[in-house]
Amino acid sequence: DAKTTQPNSMESNEEEPVHLPCNHSTISGTDYIHWYRQLPSQGPEYVIHGLTSNVNNRMASLAIAEDRKSSTLILHRATLRDAAVYYCIPRGTPNAGKSTFGDGTTLTVKP
Amino acid sequence: NAGVTQTPKFRVLKTGQSMTLLCAQDMNHEYMYWYRQDPGMGLRLIHYSVGEGTTAKGEVPDGYNVSRLKKQNFLLGLESAAPSQTSVYFCASSYLTPNTGELFFGEGSRLTVL
């Protein structure tokens with residue numbers, strides 16, 4: 001199973017962009033890179049996912065390195081509501097059942 | 001559309017007691033998962049299921065059993081609860097393929113074993 005490495009914590013000021021890195025150097029060629037976030041006292045929620053190309057949605061952008069060994073979740077303008085733990089996880093068949101989370105990155109947003 | 005529903009949301013057990021957590025999803029997802037989350041830690045996969053009638057072990061399966069008799073339900077059982085099983089338990093479900101397979105999580109079940 002592919003392992004991921006994320007910084008334990010990061011800080012950002014409100015209204016500023018945030019770049020959350022994830023290293024997944026052992027990812028297989030068919031694994032998608034998923035990002036989730038967990039707000040305090042809630043279950044994780046989906047943020048974004050991609051395979052090779054950069055992806056954008058209403059919540060964030062995902063930049064994937066050309067060699068796919070790392071990716072970066074980009075929050076374009078951090079708000080106080082973005083304070084959460086962010087997880088990146090590789091997901092791919094046939095091991096999609098073994099979706100394991102690391103400890104993630106705790107993002108603190110300062111007003 | 002309820003999504004993923006977990007019951008109960010809170011439970012206190014004494015050491016040695018048994019209980020079952022129920023996870024129900026109404027999205028017709030093939031995959032279902034049970035995770036536990038200890039304070040300040042990430043989620044650890046206990047067991048998962050790739051379809052009705054199938055189950056498989058995750059990272060930390062010891063002390064737990066699961067069943068998937070119906071596609072929409074995934075049960076997590078503790079036969080003899082231990083204080084080390086005090087945790088928040090999350091259920092999740094997803095479609096089969098990762099391209100459309102975002103994980104949908106329940107709100108969690110907080111279990112305390114005394």
Side-chain angles (χ1 to χ4, degrees), chain A residues 1-9 22 24 27-53 55 57-60 62 64 68 84-107, chain B residues 2-6 9-10 21 23 25 27 29-52 54-61 66 68 74 87-110:
Chain A
D1 298 336
K3 300 299 182 185
T4 61
T5 303
Q6 298 178 256
N8 289 334
S9 62
C22 179
H24 32 78
I27 194 170
S28 76
T30 56
D31 281 353
Y32 283 77
I33 301 153
H34 282 232
W35 282 80
Y36 294 81
R37 73 178 187 181
Q38 186 175 23
L39 302 172
S41 301
Q42 294 188 25
E45 63 176 351
Y46 167 81
V47 177
I48 199 167
H49 77 278
L51 182 62
T52 56
S53 302
V55 184
N57 66 19
R58 65 176 178 82
M59 291 180 70
L62 176 60
I64 302 171
R68 292 190 6 100
V85 180
Y86 287 80
Y87 301 95
C88 70
I89 62 170
R91 274 175 57 75
T93 55
N95 294 318
K98 289 187 176 181
S99 290
T100 57
F101 286 69
D103 289 336
T105 297
T106 299
L107 175 65
Chain B
V4 178
T5 304
Q6 295 182 226
K9 290 186 171 43
F10 301 93
L21 295 174
C23 177
Q25 53 94 5
M27 296 171 281
H29 286 164
E30 295 89 354
Y31 280 48
M32 296 188 75
Y33 316 75
W34 274 109
Y35 292 90
R36 62 175 286 174
Q37 185 173 38
D38 299 329
M41 307 282 287
L43 286 80
R44 290 184 292 171
L45 182 64
I46 305 172
H47 286 280
Y48 64 97
S49 169
V50 302
E52 182 179 318
T54 71
T55 63
K57 295 180 180 180
E59 301 171 279
V60 289
V66 288
R68 183 109 180 260
F74 195 29
S87 190
V88 180
Y89 292 84
F90 289 100
C91 176
S93 69
S94 74
Y95 283 116
L96 181 62
T97 63
N99 190 29
T100 56
E102 64 182 89
L103 293 164
F104 290 82
F105 283 85
E107 294 181 349
S109 297
R110 184 176 296 276

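Sequence lines set the chain letters: A, B, ... in the order given, protein chains first and strands last, and positions in each chain run from 1.
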Asker: By a 4.5 Å heavy-atom criterion (distance strictly below it), what part of A:Leu51 contacts chain B: side chain, backbone, both, or neither?
Answerer: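 Contact with chain B involves no heavy atom of A:Leu51 at all.
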
Asker: Within a 6.0 Å radius of atom CZ on B:Arg110, are there more than 12 heavy atoms belonging to other residues, nucleotides or ligands?
Answerer: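 No - once you tally the heavy atoms of other residues, nucleotides and ligands closer than 6.0 Å, there are 12 at most.
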
Asker: Let me confirm one number: the OH-OG1 distance from B:Tyr48 to A:Thr100, rounded to the nearest 0.5 Å.
Answerer: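 B:Tyr48 atom OH to A:Thr100 atom OG1 measures 10.5 Å (nearest 0.5 Å).
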
Asker: Rounded to the nearest 0.5 Å, how far apart are CZ of A:Phe101 and CD of B:Glu59?
Answerer: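 It is 10.0 Å, given to the nearest 0.5 Å.
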
Asker: Check whether B:Glu30 gets within reach of chain A through its side chain, its backbone, both or neither, counting any heavy atom under 4.5 Å.
Answerer: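 For B:Glu30, no heavy atom lies under 4.5 Å from chain A.
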
Asker: Among A:Gln42, A:Gln38, A:Glu45, which residue has the highest count of heavy-atom pairs closer than 4.5 Å to chain B?
Answerer: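 Greatest number of close heavy-atom pairs with chain B: A:Gln38.
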
Asker: Just by distance, do the side chain of A:Asp103 and the backbone of B:Met41 share a donor-acceptor pair under 3.5 Å?
Answerer: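 Here the side-chain-to-backbone pair does not exist.
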
Asker: Report yes if the side chains of A:Pro44 and B:Leu103 come closer than 4.5 Å at any heavy-atom pair, otherwise no.
Answerer: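 Side-chain contact under 4.5 Å: no.
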
